[in-house]
Amino acid sequence: MEMKGVFIVIAVLAVAVFGVILGYYTDRKSTFDERQLLARARAYRVGFGSLIIADLAIMLLQSWRKWTEVVDSTFAMMAALMFSLMVFCIYCVTHDAFFQRKENPKAYLCLCIVVLFGNVMAVISHYSDHGTLLVNGKLTLSPGGNLVFSIMFFVLTVTIIIKMLVTKPEEDEE
């Protein structure tokens with residue numbers, strides 16, 4: 001097995017162990033309250049709207065020859081899905097509806113950092129091996145998807161950190 005294969009197996013096992021630990025220490029009795037459920041419903045609407053807009057933009061871009069020469073359509077659709085998921089997550093985090101009432105965001109933040117690190121390493125590895133992020137002149141799922149995931153999890157990580165810093169003084173005052 002190549003060194004890359006060993007790294008992938010170790011990464012998958014580390015994520016699995018982290019998931020088991022996260023599941024063990026998560027309080028299963030805490031749930032979302034009515035205000036959080038209402039905010040999540042609004043987030044679903046905003047996320048769905050952003051998906052429709054992104055898909056319409058991709059449909060327009062698909063008629064442009066320069067776009068189709070450089071971007072794979074599968075990658076474009078996945079990027080639209082990830083964009084709408086990012087919009088949903090950011091809306092939920094900023095409206096206190098991402099985490100359950102008693103859930104600790106630090107564990108999820110650690111998971112985001114691990115996923116971010118793994119995707120950044122995949123992008124760096126592909127770029128160092130090939131000198132470009134393009135495959136046969138096109139942006140495809142393999143390195144491009146990792147790049148989109150890296151951006152999404154970076155934005156989500158920053159959003160969670162900012163929200164934790166903003167809400168921390170409010171909790172200390174009570």
Side-chain angles (χ1 to χ4, degrees), residues 2 4-5 7-9 11-12 14-16 18-19 22 32 36-99 105 107-166:
E2 286 184 35
K4 216 181 241 189
F7 176 73
I8 291 171
V9 169
V12 168
V15 169
F18 186 74
L22 185 66
F32 293 104
Q36 288 177 310
L37 291 174
L38 184 61
R40 288 175 72 86
R42 279 189 235 118
Y44 285 122
R45 279 196 303 269
V46 171
F48 181 71
S50 67
L51 177 62
I52 297 298
I53 291 169
D55 283 342
L56 288 173
I58 289 171
M59 286 170 51
L60 273 169
L61 289 170
Q62 291 291 22
S63 65
W64 188 30
R65 197 178 108 228
K66 287 186 180 183
W67 170 268
T68 57
E69 290 175 354
V70 179
V71 178
D72 185 44
S73 61
T74 308
F75 166 76
M77 293 305 292
M78 188 274 314
L81 286 171
M82 294 315 299
F83 173 73
S84 67
L85 182 61
M86 185 175 64
V87 168
F88 169 79
C89 291
I90 290 171
Y91 189 96
C92 285
V93 169
T94 57
H95 289 87
D96 294 322
F98 195 76
F99 302 107
Y108 194 83
L109 182 64
C110 290
L111 181 64
C112 286
I113 291 170
V114 167
V115 171
L116 172 64
F117 178 74
N119 281 293
V120 167
M121 292 307 295
V123 170
I124 291 171
S125 172
H126 188 276
Y127 187 78
S128 66
D129 289 347
H130 303 286
T132 183
L133 292 179
L134 303 177
V135 176
N136 298 328
K138 281 191 165 191
L139 190 57
T140 60
L141 280 176
S142 180
N146 293 112
L147 182 63
V148 171
F149 282 126
S150 298
I151 293 168
M152 182 193 143
F153 277 97
F154 176 75
V155 170
L156 183 59
T157 300
V158 169
T159 306
I160 291 171
I161 290 171
I162 290 171
K163 187 64 176 177
M164 287 171 63
L165 292 174
V166 168

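The structure presented is a predicted model; accordingly, all values stated were derived computationally and were not measured. No hydrogens, no waters, no symmetry mates; every other heavy atom, side chains included, goes into these values. Start at 1 with the first residue, then count along the sequence.
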If you look only at pairs with a residue in [range], which of them pass as a salt bridge (charged side-chain N to carboxylate O under 4.0 Å, His left out), with sequence neighbours excluded?
| range | answer |
| --- | --- |
| residues 109-123 | none |
| residues 109-126 | none |
| residues 80-97 | Asp96-Lys163 |

With [X] via side chain to side chain contact (heavy atoms under 4.5 Å, CB included) - residues at least two apart:
| X | result |
| --- | --- |
| Phe117 | Met121 |
| Leu56 | Ile52, Met59 |
| Leu38 | Arg42 |
| Leu37 | Phe32 |

Next item on the list: Would you please name every residue forming a side chain to side chain donor-acceptor pair (under 3.5 Å) with Asp55, sequence neighbours left out?
Entry: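 Counting only residues at least two positions away or on another chain, Asp55 forms no side chain to side chain donor-acceptor pair (under 3.5 Å).
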
Note to self: In the structure I gave you, are the side-chain heavy atoms of Cys110 and Phe18 within less than 4.5 Å of one another anywhere?
What the structure shows: yes

Output side-chain donor-acceptor pairs under 3.5 Å for residues 73-88, partner residues at least two apart or in another chain, one line each.
{"unit_1": "Ser84", "atom_1": "OG", "unit_2": "Leu81", "atom_2": "O", "d": "2.9"}

Can you tell me how far the [atom1] atom of [X] sits from the [atom2] atom of [Y], to the nearest 0.5 Å?
| X | Y | atom1 | atom2 | result |
| --- | --- | --- | --- | --- |
| Leu139 | Leu134 | CG | CG | 6.0 Å |
| Ile58 | Ile53 | CD1 | CD1 | 12.5 Å |
| Phe98 | Ile160 | CZ | CD1 | 5.5 Å |

Which donor-acceptor pairs under 3.5 Å do side chains of residues 145-156 form with protein atoms, sequence neighbours excluded?
{"unit_1": "Asn146", "atom_1": "ND2", "unit_2": "Asn119", "atom_2": "OD1", "d": "2.8"}
{"unit_1": "Ser150", "atom_1": "OG", "unit_2": "Val120", "atom_2": "N", "d": "3.4"}
{"unit_1": "Ser150", "atom_1": "OG", "unit_2": "Asn146", "atom_2": "O", "d": "2.7"}

Heavy-atom closest pair, residues [X] and [Y]:
| X | Y | value |
| --- | --- | --- |
| Arg40 | Ala97 | NH1-O, 2.8 Å |
| Ala43 | Tyr91 | CB-CD2, 3.3 Å |
| Cys112 | Thr157 | CB-OG1, 3.4 Å |

Next item on the list: Mind jotting down which residue pairs meet the side-chain hydrogen bond (donor to acceptor under 3.5 Å, both in side chains) criterion with at least one end in residues 56-70? Sequence neighbours excluded, please.
Entry: Arg65-Glu69

Margin query: For residues 120-143, which residue pairs pass the side-chain hydrogen bond (donor to acceptor under 3.5 Å, both in side chains) check, not counting sequence neighbours?
Written below: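 Qualifying pairs, neighbours excluded: Lys4-Asp129.
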
